[in-house]
**Student:** 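A single structure is presented below for examination.
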Amino acid sequence: MCPQCGTRDDDWDHGGDDGEDQYAVTVQKCVGCEVIADKQKDLERDGTSLHGIKVGLMPAAVHAALQVEREARRRRRRDDDNE
């Protein structure tokens, strides 16, 4: 079985007389995948190596909550350093 598309070699017609393949090719556009690809291109253009980099999506509310948490940790460290 192909790890990428999930079909087996026997699933395909290979030019025999029996006619049609068991699969039809479809094209779909995913806006999420488009945004990820755009970000990857931006990073490459900026000279960032994508080696080991995973670009993904997270809900905006989760991202905002993480930003608030990071800022609170920074403030606590800064306060601890000033004591």
Side-chain angles (χ1 to χ4, degrees):
M1 181 189 294
C2 174
Q4 185 170 346
C5 72
T7 65
R8 292 177 173 78
D9 190 60
D10 292 343
D11 293 340
W12 297 96
D13 179 20
H14 302 294
D17 293 336
D18 58 351
E20 299 180 28
D21 291 322
Q22 294 181 30
Y23 296 92
V25 175
T26 63
V27 177
Q28 295 175 297
K29 179 180 179 177
C30 173
V31 176
C33 291
E34 181 180 26
V35 170
I36 289 170
D38 289 346
K39 183 60 175 179
Q40 288 169 327
K41 285 179 189 173
D42 288 346
L43 290 169
E44 285 177 336
R45 214 178 354 247
D46 292 343
T48 303
S49 169
L50 294 183
H51 190 75
I53 299 294
K54 173 77 172 134
V55 178
L57 302 172
M58 76 170 51
V62 172
H63 183 264
L66 289 171
Q67 293 295 93
V68 168
E69 183 180 325
R70 284 184 193 117
E71 184 56 35
R73 269 194 242 132
R74 277 190 218 119
R75 273 192 234 117
R76 270 182 264 156
R77 273 189 250 130
R78 199 172 36 230
D79 291 346
D80 289 346
D81 290 345
N82 289 334
E83 290 180 1

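Only this structure's heavy atoms are used, side chains among them; waters, hydrogens and symmetry mates stay out.
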**Student:** Ile36 and side-chain contact (heavy atoms from CB on, under 4.5 Å): which partner among Lys39, Glu34, Gln40?
**Tutor:** Gln40

**Student:** Calculate, to the nearest 0.5 Å, the distance between atoms CZ and CG belonging to Arg73 and Asp80 respectively.
**Tutor:** 13.5 Å

**Student:** Let me confirm one number: the CG-OH distance from Asp11 to Tyr23, rounded to the nearest 0.5 Å.
**Tutor:**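 One finds 4.0 Å between CG of Asp11 and OH of Tyr23.
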
**Student:** Sub-3.5 Å donor-acceptor pair from the side chain of Asp46 to the main-chain atoms of Leu43, do we have one?
**Tutor:**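 No; judged by distance alone, with no hydrogens or angles, the pair does not exist.
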
**Student:** Indicate, with yes or no, if Ile53 and Leu57 share a hydrophobic cluster defined by side-chain heavy-atom contacts under 4.5 Å among Ile, Leu, Val, Met, Phe, Trp and Tyr.
**Tutor:** yes

**Student:** Are the charged groups of Lys41 and Glu44 less than 4.0 angstrom apart, N to O?
**Tutor:** no

**Student:** Which distance, rounded to the nearest 0.5 Å, do you find between the CD of Glu69 and the CD of Gln67?
**Tutor:**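 Atom-to-atom, Glu69:CD and Gln67:CD are 10.5 Å apart.
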
